[in-house]
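Some notes on the structure that comes next.
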Amino acid sequence: MILSLALVALVAVPLLAALLAVVVPRRGALIALLGVAGIATALVVLVPALVRQGVLSLSIGGWNAPLGITLRLDGLGLAFLSMVATVMAAVLVSARPQFAARAGSGETRSQWAFWPLALLLWSALNVAFLSRDLFNLYVALELLTVAAVALVAIEGKAGSLAAGLRYMMFALAGSLAYLLGVALLYAGHGTLDLTLLAAQGIGSGRSGGTAAADLIAAGLITAGLAVKTALFPFHAWLPPAHSGAPAPASAMLSALVPKASFLILIRLWFEALPELASPVLLTLLGALGAAAVLFGSVLALRQSRLKLIVAYSTVAQIGYLFLVFPLAGGDSFAQPWAAGAWTGAVFQALSHGLAKAAMFLCAGVWIIAVGHDRLDGMRGLATATPMTAFAFALAAVSLVGLPPSGGFTAKYLMLTSAFASGQVVWGAVLVVGGLLSAAYLYRPLALAFAKADTPTFAPVSRRLQLVPLLLALAAITLGLASQTPFSLIQIGRPASAVEGLE
Amino acid sequence: MIWASGPLLPLVALIWPLLLGVLASLPAIRPHALRLLPLAPLPALWLALTGVEGLTLAPNLLLGVMLAAGRPAALLLGMTAALWFAAALHAQGSMAGTRKPAVFSGFWCLTLAGNLGVFLAQDVVTFYVAFAAVSLSAYFLVVHEGTPAALRAGRVYAALAIVGEVCLLAAFVIGAASANGLLISDIRAALLSAPLGGVATVLLIAGFGIKAGLMPLHLWLPLAHPAAPTPASAVLSGAIVKAGIIGMMMFVPLATMAGSVLLVIGLGTAFVAALTGLRVRAPKAILAYSTISQMGLVIALVGAATQADGSDMAPAAFYAFHHGLAKGALFLSVALVALSTGRWRNAALVLVVLVALSVAGGPLTGGGLAKAMAKSGLGSLAEFALTISAATTTLLLGWFVHRLSASAGKAKASGGGRPTMLVVLPTVGLALAALVMPWWLWSEWSTLAPDYPLRLAAVWSALWPVVLGMGLIGVMAANRWPVGTLDEADPLPVARWLARQLSPLRAVPKHLARTRSLAADQIVATVHKGSRWLAQETGAMEGGFLRGQISGLAFLTFILLVAAVSVP
Amino acid sequence: MNAALPVLLLLTSLVAATATFFLPQESHRLRNLLNLGGAVLKLGLIAFMLIQVVQGTIYETRLEFAPGLYLLLRVDALSLLFVSLSAFLWLLTTIYAIAYLGNKPDLSRFFGFFSLCVAATTGIALSGTLISFFIFFELLTLSTWPLVVHKQDAKSIAAGRSYLTYALPASALLLIAIVWLESTVGPVEFAMPADLRQLDDTSLRIIFALFIAGLGAKAALVPLHGWLPAAMAAPAPVSALLHAVAVVKAGAFGVMRIVLDVFGLDLMAELGLALPLALLASVTILWGSARALQQTEIKKRLAFSTVSQVSYIVLGIALASPFAVIGGLAHLVHQGLMKITLFFCAGIFDERAGITRVDQLDGIGARMPWASVCFSLGAIGMVGLPPTAGFITKIYLGIGAVQAGAPWVIAVLAASTLLNAAYFLPLVYRIWFLEPGAAITAGDAPTERPLGLIAPAVITAFASVAVGLLAAATFSPLGWATLIAEREYLR
Amino acid sequence: MITSATIFGLCGAALIGLGLYGFVTQVHLLRRLLAFNVIGSGIFLLFGATAARTPTGATDPVPQALIITGIVVALAATALGVGLVLAYVRISGKACLPEDADTIDGGPHPSSHEDPPE
């Protein structure tokens with residue numbers, strides 16, 4: 001009973017909080033904190049249960065699939081839920097000074113809208129992690145897109161509105177492709193539940209050949225999700241959108257939003273349609289990932305604004321995630337190294353979330369201190385805001401994949417799989433990408449460390465500085481204490497060797 | 001943990017000067033540091049006089065120190081200690097009030113310890129350490145005066161000394177590796193059969209040759225001797241060069257070509273140096289050439305002994321023993337003559353002539369005895385050369401006496417021209433020792449009859465070359481000495497020529513600097529360039545991806561691609 | 001207890017580092033107490049372990065990360081050699097740094113990263129597996145950067161950039177090598193050599209080359225040495241750290257681990273890898289010396305000298321004969337003692353008299369006698385003159401070269417000695433024999449005080465002579481190196 | 001035999017094609033939104049057609065439920081889009097994205113990259 005409640009709470013608490021924040025203006029920050037507390041409680045209840053009982057599921061109102069809505073919590077979902085909760089807590093705490101209504105002054109639109117949108121986004125994310133139904137996932141993705149687009153445009157300036165609109169156009173195209181794919185899939189198989197689809201063995205000999213509709217459907221869904229994940233070459237919307245939003249919003253957008261669609265991709269290809277994943281497809285996805293790594297990194301090197309660097313870094317980091325397909329997908333899923341690659345990709349997603357959020361929050365701190373985020377204004381920031389500089393550096397360590405950090409664990413696992421499976425090319429991409437990210441993250445860091453010509457910075461509260469540091473430390477800790485998350489992720493992992501690499 | 005075993009005296013003899021050296025650096029003692037110097041060689045002198053049997057071991061020091069006073073080594077050890085003692089006394093008088101007495105004293109002690117160490121060492125590491133100590137610390141004695149000439153001499157000295165050290169180190173490691181041990185006797189034996197034994201032997205001869213003034217490695221001697229303070233010149237010429245001699249005695253493999261080579265080069269050095277010495281004018285520089293010449297003879301004797309079974313180093317040691325005392329006396333007398341006037345000066349010059357005769361091997365002198373003993377072990381040709389060398393030596397030392405008597409005095413007007421006894425006594429003492437000691441030790445060291453030096457044949461064979469030399473002196477004097485045109489600071493045209501030939505090498509570092517950009521730098525530069533180009537291109541592409549048409553087309557292509565490649 | 005000790009050893013500097021970060025600039029006493037206390041505590045632990053390890057105890061701690069990814073801390077004789085060196089020099093460098101930096105800005109940051117560096121070095125020394133080694137190796141890279149750029153001026157930033165430009169690609173290569181190796185043979189523990197024969201010869205050779213390239217950047221092997229001379233822009237204590245305590249040493253130590261513990265001397269010989277490595281080391285030795293000769297800045301000259309000297313360690317290992325290995329191992333300590341002395345003194349000259357160039361050294365001996373004496377001792381040690389530590393190394397390497405049948409190495413050693421003499425002895429000559437130039441005017445006679453500045457230099461200078469004089473003693477670096485070699489590699 | 005479901009499906013496909021063309025070729029933001037809705041309608045039509053294809057011949061209720069949900073979602077997205085377009089037009093005076101501006105008025109437009117955030 002309590003477990004069901006907790007499971008529902010993961011979705012309901014942020015949703016209700018969002019509604020409450022709409023109804024009760026000027027108390028958004030407080031309500032958001034209550035939401036954080038609620039989710040935290042739910043997670044605390046769920047973790048031991050998951051460890052004890054394995055996968056938890058709940059059919060809401062007793063309606064089973066395909067008609068009812070089923071929430072299903074596995075280790076993978078829990079890992080993402082926890083990461084999102086951590087990042088959201090940090091973001092909401094550090095958004096307070098910027099978006100909390102001040103006494104005596106009227107509430108601006110962005111101050112009013114931020115809290116419900118953030119909470120809505122959270123709710124949508126949680127649904128995406130818990131749901132096993134492709135249509136429910138569509139709804140979650142749409143909700144996510146709407147909230148994210150609104151957050152991008154929340155400042156209401158021409159640049160951010162354009163970025164939001166562009167984002168929306170890309171995302172809508174993706175949604176439609178996804179929906180069309182879902183419709184075709186339903187037409188062919190009469191169900192949209194991932195587990196039931198998997199049971200039909202689409203693409204294997206059992207289902208008696210492969211229908212063209214299935215192929216088109218898979219293509220449509222994958223393409224739709226790729227656009228939403230900002231996989232190269234559909235990434236062009238991401239940098240302006242993520243860099244145009246206010247820093248806390250950017251943190252959410254960059255760290256969390258692409259993860260939802262990526263997770264669905266993972267579930268689709270690894271759980272629902274594993275037999276449809278031909279080697280060429282996996283290579284295609286891997287190649288696009290590799291291109292994203294290289295392209296995003298090189299473009300990040302080119303930028304002269306901090307938030308654009310960080311945003312392009314997201315493009316590159318998302319590329320890493322797609323290397324999981326050639327490394328662990330298809331036939332190789334049963335191989336011993338697949339577990340390493342698969343877990344590595346999940347670690348990459350988790351640590352990227354933490355580190356990227358930390359980075360955007362750092363950028364927020366510096367924007368407060370300097371007034372803008374152009375690199376040439378960054379001189380002397382390390383002396384003025386040492387904690388933030390340290391946080392940025394730690395986050396960079398994780399993004400570059402240096403030990404000891406979650407990024408390193410991820411990279412190590414994937415690299416080992418690459419070598420063990422003889423797919424050295426992907427290993428090279430990982431290594432070169434790491435070096436490139438070191439190069440583009442070095443620039444702001446070195447500038448921050450340089451002596452300031454005119455060291456006049458606006459003061460930034462210690463709390464605002466502490467939050468990104470904690471997030472970055474969490475990314476590091478993910479690497480230091482990776483044993484627990486590692487085993488947690490394996491819970492409910494389908495049909496493959498869990499023992500890891502020897 | 002055992003720190004030392006066996007007789008302690010050898011260890012004490014080495015450590016004692018070091019302790020005094022440290023003592024000299026204490027602030028309270030610094031101004032009077034010179035007074036400590038005579039004390040430094042006393043334990044070694046005691047050791048040489050009493051003799052100590054057995055091996056001294058200090059297993060924790062260096063790579064395990066082994067000391068013993070072997071037979072020829074003990075003779076040289078005693079000479080060395082006595083010479084250092086006399087020079088130290090002399091320094092009290094001749095160097096009173098000199099600059100930086102503490103530094104001088106400190107390095108004096110260090111040099112002394114090294115000089116004694118080379119005679120006592122039984123393992124190659126201790127030997128090398130001692131050799132380096134005597135070799136390199138002597139630098140500070142050379143440059144003590146701080147004049148440009150002294151500094152220049154010091155530079156040449158240091159450069160050659162370092163090269164010598166490197167040669168020796170290379171030879172020693174080859175030897176130690178071949179012998180699989182550090183004992184000098186083992187190494188000498190092992191070099192005979194080791195694959196690199198020949199290379200090692202050449203390196204040994206070069207390394208020791210530099211120290212012993214073997215031509216053409218002698219360049220430092222004529223520069224360093226005039227530049228150093230007189231007591232330092234005395235020990236340099238009398239004792240320190242013997243470090244090279246003892247090295248050759250102990251290391252050069254027996255019964256090989258090496259002995260013959262040493263014999264030939266040694267004899268050559270003896271004559272060339274004697275004649276070259278005629279071309280310089282400073283008394284101490286002339287003495288330096290004399291030393292080179294005499295060392296050439298000693299090396300020839302060592303070579304002769306090495307050529308055979310090497311058991312009979314006695315003639316070489318005996319000759320070196322006498323030369324050390326006599327040459328020390330000559331150097332010290334340079335200061336004596338300079339410091340005295342009137343009859344004192346004349347008396348001093350007489351003493352100089354006596355010692356010079358001894359060095360030339362005049363009959364009945366100590367040098368004559370040494371030469372007689374030396375001749376006994378040589379083949380007829382070498383014996384003849386040795387005999388003739390007495391004539392050239394006589395000529396060279398005659399030139400020395402001439403220059404010395406012509407040199408201006410430094411004595412103060414008052415005092416009746418009598419120099420301080422601190423200068424007189426050590427000089428006279430050394431001179432007497434040089435003349436007399438060989439008589440005393442004759443029976444112990446020589447295989448010849450005790451009365452051999454007194455026989456007419458012996459006297460005659462010693463006398464005629466000296467007379468011949470004197471005749472030459474007469475001829476030269478009559479022609480107002482048509483020699484002495486060589487600048488002391490530039491001992492050999494060969495050196496100048498060599499320097500000119502090597503001068504392009506000076507440009508090598510500069511050339512290297514120009515080619516600084518190594519592969520890594522190039523790679524970095526190329527990467528930079530490439531990445532800039534890449535950034536431009538990708539930037540242009542990015543603009544395309546933003547457009548709805550292009551990305552829409554890409555989108556559709558992607559859908560179809562996924563569908564197409566999913567076909568199992 | 002035995003499992004806790006390695007962790008404790010690591011924590012002494014890690015805790016000091018973490019705590020130091022949070023101290024305000026003004027709390028000098030607490031900061032000094034923390035850092036010095038940590039260093040003393042670490043030395044005490046090491047002294048205890050030294051005795052235990054002689055008796056055959058091995059300390060081991062295992063920290064699991066993920067399957068196939070775990071930290072193994074293991075204290076054996078070789079790790080103690082390195083860790084005792086770095087701990088001893090850490091203490092001295094801390095004392096020196098406290099005096100050197102005085103009340104300059106950003107002290108907490110400096111000492112925090114300084115301790116972190118030492119923690120990383122300790123970790124490198126104690127690492128029992130390749131991946132543990134890599135983790136600490138990277139930690140070292142990262143924690144060194146803030147120290148290199150500590151002055152925050154353009155030159156320092158450029159130096160830091162150059163440092164990372166070399167270090168990060170190198171560590172990428174290292175990671176590739178590790179992963180390549182481990183993906184076939186499983187996790188490699190130093191104490192239990194894996195059977196590398198599961199890989200073919202060509203792969204093994206490539207992996208070895210990757211290892212050497214990865215470690216070579218830290219060990220400043222030519223042509224990967226470019227960062228080291230640039231890094232002299234950092235304050236003197238950092239240079240001491242880079243050159244003697246941590247960074248360069250970590251690279252050389254890594255080469256040791258790879259050659260001795262991962263590949264093993266036999267496999268090296270079978271694959272024909274020893275000769276190329278020895279050649280590389282020789283080229284580095286000569287190139288470093290030749291480049292040092294051209295430098296007019298003291299610290300740059302010292303930096304190139306390090307390039308040359310550290311390769312002695314690699315050379316010794318590559319030659320693989322008993323004496324050479326022992327010489328290489330001992331030189332790890334010897335070079336540290338001598339080079340840190342030189343950098344201490346160069347720092348004093350710079351800080352107290354504003355002397356940075358060679359020609360400004362004229363006559364400084366009379367004014368700064370202690371620093372000059374120490375500098376001279378360090379210099380003659382570097383040349384390899386007896387009875388200093390450098391001499392012992394040269395003897396051992398030379399004998400080892402003949403044993404290994406590579407007598408050409410003797411020529412390399414000889415040439416290097418001559419070059420060393422050519423670029424060090426003129427400095428000594430200037431210090432003692434030339435008249436003071438305009439750089440030091442009579443009015444502001446430079447002082448070598450406070451004691452914290454000069455005492456560490458004196459201690460290391462005399463230590464460098466003492467370890468040469470007492471080389472045959474059991475606990476001398478040479479004695480310890482002999483113990484390691486006999487126990488582990490030359491059975 | 002052409003059933004009603006087939007006709008529905010073909011119509012849906014036609015709508016999707018039409019909308020897709022508009023979505024890709026049009027740069028005016030409102031037109032794109034409209035194209036989005038056309039595609040959406042096409043998909044819903046197609047989806048509805050699948051309801052008839054159950055083996056038993058009875059109408060499958062699931063697609064209908066999904067279509068209704070989808071329409072609501074599309075409506076919400078459209079509403080947000082229209083709001084954003086309005087706000088954008090009000091501020092910038094243009095109804096197309098900066099990178100597409102030259103396809104309408106031919107002039108170069110500063111890339112959005114360089115816009116300061118504040």
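Chain identifiers are assigned alphabetically (A, B, ...) following the order of the sequence lines, protein sequences preceding nucleic acid strands; residue numbering begins at 1 within each chain.
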| Reported OG-to-CG distance for the pair C:Ser183 and A:Leu415, which is rounded to 0.5 angstrom | 8.5 Å
| message | Looking at C:Lys104, I want to see if its NZ is surrounded by more than 12 non-hydrogen atoms of other residues, nucleotides or ligands under 6.0 Å. | response | yes
| query | Under a 4.5 Å heavy-atom cut-off, does chain C meet the side chain of A:Val397, its backbone, both or neither? | reply | side chain
| field | Per-residue contact mode, A:Phe449 against chain C (heavy atom under 4.5 angstrom) | value | both
| Side chain, backbone, both or neither: which part of A:Leu435 has an atom under 4.5 Å from a heavy atom of chain C? | side chain
| Parallel, tilted or perpendicular: ring planes of C:Trp145 versus A:Tyr442, cut at 30 and 60 degrees | perpendicular
| said: Is it the case that the side chain of A:Lys451 and the backbone of C:Lys151 share a donor-acceptor pair, with hydrogens and angles ignored and the cut-off at 3.5 Å? | reply: yes
| task | Flag the pair C:Ile176 / A:Phe419 as yes when at least one side-chain heavy-atom distance between them is below 4.5 Å, and no otherwise. | result | yes
| request: Using non-hydrogen atoms and a 4.5 Å limit, figure out which bit of C:Phe22 sits close to chain A: side chain, backbone, both or neither. | output: neither
| task | Pick one of side chain, backbone, both or neither for C:Leu173, based on which atoms fall under 4.5 Å of a heavy atom in chain A. | result | neither
| query | Where is the tightest heavy-atom contact between A:Pro404 and C:Ile135, given as atom of each residue plus distance? | reply | CB-CG2, 4.2 Å
| remark: In this structure, CG of A:Leu402 is separated from CG of C:Leu168 (nearest 0.5 Å) by 6.0 Å
| request: Mind ranking A:Gly427, A:Gly479, A:Ala438, A:Pro386 by heavy-atom pairs under 4.5 Å with chain C and telling me who comes out on top? | output: A:Gly479
| remark: Heavy-atom nearest pair, C:Ala172 first then A:Val431, reads CB-CG1, 3.4 Å
| said: Does any backbone or side-chain atom of C:Arg109 lie under 4.5 Å from a heavy atom of chain A? Answer side chain, backbone, both or neither. | reply: side chain
| Given that the side chain runs from C-beta out, which part of A:Leu480 has a heavy atom under 4.5 Å from chain C: side chain, backbone, both or neither? | both
| task | Could you grab the distance from atom CG of C:Leu142 to atom OG of A:Ser405, nearest 0.5 Å is fine? | result | 9.0 Å
| query | What distance separates C:Leu63 CG from A:Gln483 CD, expressed to the nearest 0.5 Å? | reply | 11.0 Å
| message | Are there over 12 heavy-atom neighbours, none belonging to C:Arg161, within less than 6.0 Å of that residue's CZ? | response | no
| said: If only side-chain N and O atoms count, and only distance matters, is there a donor-acceptor pair under 3.5 Å linking A:Thr383 with C:Gln152? | reply: yes
| field | From CA spacing to verdict: side chain to side chain contact (heavy atoms under 4.5 Å, CB included), C:Leu175, A:Phe408 | value | CA-CA 11 Å; C:Leu175 183 62; A:Phe408 170 70; 4.1 Å; yes
| task | List the steps, then state whether ring-ring contact (aromatic ring centres under 6.0 Å, His included) holds for A:Tyr412 with C:Phe134. | result | CA-CA 11 Å; A:Tyr412 177 79; C:Phe134 178 76; 8.4 Å; no
